[in-house]
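Down below is the structure, laid out as structure tokens.
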Amino acid sequence: MAIEYRLTLAGDIPLEQIAALAAPEATEEPALPGYPRLFSADLYDQLGYAITIIKGRNGYCDGDDDNGELWEWEPENYIDITFRMRADDMGEMGVPNVMATVARILEARTEDAALILIGDLLLLTRFNGTIRKHNVDQWYEGTLDII
């Protein structure tokens, strides 16, 4: 079973800038007609996850908020940074390294953002510079204070 975290940043951001922050070892994959450019890296051995970084338009994010209600966001331009890890890589390496990378990106960039777990659980939002953590009981042990 795989676990995914997805950080979405709003804005028309150069893809290379985010790739340099998130995974300097990521390489650009050949774009297929009709598909967005993307960078990716297999960092399982070093960090416990694989990463994919794509840029898009007319985005859509959703997830259950603190009250179990559907939270939705539709950034016009965006970058998605997806962290994929095997369930057995979550503890010591995967999730702590994901959160450290998310923190590094949020510290370096000012765009509105959202962090979603497994495509349906809202963990974090940043709008107008204010970070808000959601569903704190679902954060992996020891990671709440990383961001």
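Hydrophobic clustering of Ile, Leu, Val, Met, Phe, Trp and Tyr side chains at less than 4.5 Å, counting indirect connections, unites Ile51 with Ile18. Hydrophobic cluster membership differs between Leu123 and Phe127, with clusters built from Ile, Leu, Val, Met, Phe, Trp and Tyr side chains linked at under 4.5 angstrom. Using a 4.5 Å cut-off between side-chain heavy atoms of Ile, Leu, Val, Met, Phe, Trp and Tyr, with links allowed through other members, Ile13 and Leu15 fall into the same hydrophobic cluster. Residues Tyr60 and Leu124 fall into different hydrophobic clusters, defined by Ile, Leu, Val, Met, Phe, Trp and Tyr side chains chained together at heavy-atom separations under 4.5 Å. No continuous path of ILVMFWY side-chain contacts below 4.5 Å connects Leu7 to Tyr78, so the two sit in separate hydrophobic clusters.
In this structure, Leu38 and Ser40 approach most closely via the heavy-atom pair CD1-CB, 4.1 Å. Contact between Trp73 and Ala10 at its shortest, heavy atoms only, is CZ2-CB, 3.5 Å. Across Met93 and Asp45, no two heavy atoms sit closer than the pair CE-O, 3.4 Å. Annotation for Arg132 and Asp66: closest pair NH2-OD2, 3.2 Å, computed over non-hydrogen atoms. Between Asp62 and Ile116 the shortest heavy-atom distance is O-CD1, 3.7 Å. Residues Leu9 and Ala113 approach most closely at CD2-CB, 3.6 Å, considering heavy atoms.
Arg126 places a side-chain N or O within 3.5 Å of a backbone atom of Leu106 that can act as its donor or acceptor partner. Although no hydrogens or angles enter the test, the distance criterion places a donor-acceptor pair under 3.5 Å between the side chain of Asn135 and the main chain of Leu122. In this structure, Asp80 contributes its side chain and Thr82 its backbone to no donor-acceptor pair below 3.5 Å.
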> Between Leu43 and Glu25, is a side chain to side chain contact (heavy atoms under 4.5 Å, CB included) present by the stated rule, with each step listed?
Replying inline: CA-CA 9 Å; Leu43 302 172; Glu25 49 281 273; 3.4 Å; yes
>> Evaluate Tyr5 against Val95 for side chain to side chain contact (heavy atoms under 4.5 Å, CB included), listing each step before the verdict.
In response: CA-CA 9 Å; Tyr5 285 79; Val95 177; 3.6 Å; yes
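Note on ring orientation: taking the six-membered ring where Trp is involved, the planes of Tyr49 and Phe83 are perpendicular (angle over 60°, cut-offs 30° and 60°).
When each of Lys55, Glu76, Arg57 is tested with Asp12 by the rule side-chain contact (heavy atoms from CB on, under 4.5 Å), just one qualifies, namely Lys55.
Side-chain contact between His134 and Thr125 is present, with heavy atoms from C-beta onward closer than 4.5 Å.
Atom CD of Glu107 sits in a sparse spot, with 12 or fewer heavy atoms from other residues, nucleotides or ligands closer than 6.0 Å.
To the nearest 0.5 angstrom, Ile53 atom CD1 is 7.0 Å from Ile105 atom CD1.
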